[in-house]
Amino acid sequence: MKYDFTSIEKKWQEKWLKEKTFAAVNGDKSREKFFGLIEFPYPSGQGLHVGHARPFTAMDVICRKKRMQGYNVLFPIGYDAFGLPTENYAVQHHIHPAKVTHDNVANFRNQLQMLGYSFDWDREVNTTDPEYYKWTQWIFLQMFKKGLAYKASMPVNWCTSCKIVLANEEVVDGVCERCGGEVIRKEKSQWMLAITKYADRLIDDLDDVDFINRVKIQQRNWIGRSEGTEVDFTATNGDKLTVYTTRCDTLFGVTYMVISPEHPYLQQWKDQIKNWDAVAAYMDEAAHKSDFERGELNKEKTGVRLEGIEAINPASGEKVPLFVSDYVLMGYGTGIVMGVPGHDQRDWEFATKFGLPIIEVVQGGDITKEAFTLKDDTGIMVNSGFLNGMTVKEAIPAMKEWVTKQGIGHPKVNFKLRDWVFSRQRYWGEPIPLVNCPKCGWVPLPESELPLLLPEVESYEVTDTGESPLAKMTDWVNTTCPCCGGPAQRETDTMPQWAGSSWYFLRYMDPHNDKALASKEALEYWSPVDWYNGGMEHTTLHLLYSRFWHKFLYDIGVVPTKEPYAKRTSHGMILGEGGEKMSKSRGNVVNPNDIVAQYGADTMRTYIMFIGDFEKAVSWSSEAVKGSKRFLDRVWNLAESASESYEVTPANEAAIHKTIKKVTDDIDNLKMNTAIAALMTLVNEFYANGCTRGDLRYLLLLLSPFAPHIVEELWENLGFAAREGKMACQTQWPAYDESKTVASTVEMAVQVNGKLRGTIQIAVDSEEKAVVDAAMALDKVQKAAEGKQLVKTILVKNKLVNLIVK
RNA sequence: GCCGGUGUGGCGGAAUUGGCAGACGCAGGGGACUUAAAAUCCCCCGGUAGCGAUACCGUACCGGUUCGAACCCGGUCACCGGCACCA
């Protein structure tokens, strides 16, 4: 019989679907649970990408193996369907985004089923489903009630092309992350979420989760905790100049101060600044630069000295000049910094450019050449009054104590993380369930009125002023205040796409619940997610946002765990044939449908797992796919030619046990490529030795997570299904016998003075003397050791012996 | 500029974490089967020298530690990803 993958795959996919083979069971205490999560896809019009197939297949392999190991596995799928591409498509083609979403989702579902993923299809979620976003709105209302959602007028990133406000986190390389359009700064009243209140916990709780290290590092760096001191200087006009510094030990070294161009003091001081025209011109120039440009234009420092006002150093009592410069950002610290050119390289450059004095307060470097910035015990304090003679490490706490006692400062922790801009002036998002009443202010909608549905609009275009399309729906906007009953207006901004994806994994636990986002029992049973795999591109935004929401839900008693995900891993990108990113414009996009049509889903799955190191980027090779197909053909041929015995052949036993061990360990460590290599080796072994059905049984069990359809078919053909039931229902992942993985003799490497000179065959666990004798007997060893004396031998058991001769 | 990561045959990649570098696969070469081709099966496949056994070189580059280094340490270069002049 021929390996007819098309009909085999269709047959089993239909069976699995009809019999709900992969349904997870809520509350089953008889088994351990395992919740494997992948990042749910955005259902774009282009359909599923091979880039999706890599993480999806990997988690499918893990989940199929976990099922065979007896776990109650929850492996769900859903769609993160709000967002701009769908809305843009709707605008262009005058189709309702809900319709576009529905069609795209149907296409995705077909493709996912075509690849044979073992999802529990009864738990599908869709963020645009009102029954889903009801709970997104509900969570937002709880945050609003706890004071975590607030409105603020602030400079925001305005994408001139999307006409939408972007979070700082969404601006990439100074342009809009989504469309690449120009981003300028604009004042706008926005709903904000106070993620910074959770900054400490978002850092500290990383200690308790099993995330790969680079993800933890990225999260920590993004939050950016810095422990320093706030110190008050005084201006000569009496105003207080508070600075934030991590180096309060260098206070005596301050020779100037800098104020941010946005600082409100500047307008207040207008009449006192003698060179106001020059200062105002500089402020105007700075306002036209984005934060990004100000950061990018690094090398050359710019600034203007304020004439008429100086600052007084509280430690030395000396007067120092005050500058305005755009390297000081209003959004971090206090918007004023102290300049210590001796011990900060940026300050050193600034001082050098403006001819300011450079005072050494830490001895140890050469401050005429560059700033001396070491914070350890290397330097000794000088020119610093009561700090003199201390190391920097001693001086920092001493100075903290001093400024606190003097009442001119205190220790302070700062974060890089900023609050989350949560408003979008867009149609295709969750409506924000708040009403603005002239009497009562912002009032939450009663929970009984959720979900607040997106109204139908005539046009999805943003208004010229940048208001959401919802603003045009006056019937919808004008409402009554839930509080006083008077006339009031709805919020017309919608939520960002991140909202729905911040909690979706909870909905999977109990997707049809209409009383709560999920039942207490379901949350207790399935939390936390045992293993979450996703892309590195989501390690700062999505991962941080969802951890934040989860911590909030924990605080209000909704979820039982502090952290949503016990384990997080990451996969590398699939690049195009030439090693470049796959993109429509390059014409190098690989469509999974084509691969499945030509080779079958099992080949596609096996190849994408075999393609390379899971964590690294790899390029697709249409040639190499054939290797995986050839491998499955060989498995098929073995089944045709295997002898009918259900016994295991002694000649194959060691290879089988070795392979069980290797594949078991490798799947747990995401080393799918070497797991498949081991299976290929076993197949080669069976070709060489011949094999029985009993031998093949193990190969099929081990191969089934990777290539489930062909295995299911062969399992049936070889009579195992009649004896043991369907492969997909097996709960016997094979165990290995360690003692059977090693042969009775081993090959050991023989080195002379660390150089390989030959190998010996010798009994396992041979004693040193036997090994050395056998090694010395080798011709090449004799030659290399000729006329010399053996002074030492190094033995690595069963691996290597190194003879040191002189 | 800073932070993180990576660098191994013609190519994708292995190497039990300091112990035989190149598993497994792709491409390539040779052979068997075939009228022929495809498919399949078997063998070879890092470099230099040699008919050969073999010798020497070889994991981006330079140096170090070690009996022994792709792996550890110091320095350099290249590429990829992230970014905040963060006081």
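Hydrogens, waters and symmetry mates are skipped; everything else that's a heavy atom, side chains included, is used. Proteins come first, then strands; the chains are lettered A, B, ... in the order of their sequence lines, and each starts at number 1.
Taking the six-membered ring for Trp, A:Y607 and A:W620 have ring centres closer than 6.0 Å.
Nucleic acid contact for A:R225: none, since no nucleic acid atom lies under 4.0 Å from a heavy atom of the residue.
Between B:U66 and A:K792, no contact under 4.0 Å exists linking OP1 or OP2 to a side-chain N or O. Taking only side-chain nitrogens and oxygens, A:R630 comes nearer than 4.0 Å to OP1 or OP2 of B:A27. Between A:R214 and B:G82 there is no side-chain N or O to OP1 or OP2 distance below 4.0 Å. One finds no side-chain N or O of A:T674 lying less than 4.0 angstrom from the OP1 or OP2 phosphate oxygen of B:G13. In this model, the phosphate group of B:G25 is approached by a side-chain N or O of A:N684 to a distance below 4.0 Å at OP1 or OP2. The shortest distance between the side-chain N/O atoms of A:N673 and the OP1/OP2 oxygens of B:C24 is not below 4.0 Å.
Remark: P of B:U16 and NZ of A:K799 are 8 Å apart, rounded to the nearest angstrom.
Nearer the 5' end of RNA chain B, as judged by each residue's closest nucleotide, is the contact made by A:K616, out of A:A677 and A:K616. Both A:Y687 and A:A617 sit near RNA chain B, but only A:A617 has its closest nucleotide nearer the 5' end.
Between A:S226 and A:Y244, the side chains place a donor N or O and an acceptor N or O closer than 3.5 Å (distance only, hydrogens not considered).
Distance noted for atom C1' between B:G1 and B:C72: 29 Å (whole Å).
The pairing partner recorded for B:U40 is B:A32, the criterion being a Watson-Crick or G-U wobble arrangement whose two distances lie under 3.5 angstrom. A 3.5 Å limit on both hydrogen-bonding distances identifies B:C80 as the Watson-Crick or G-U partner of B:G4.
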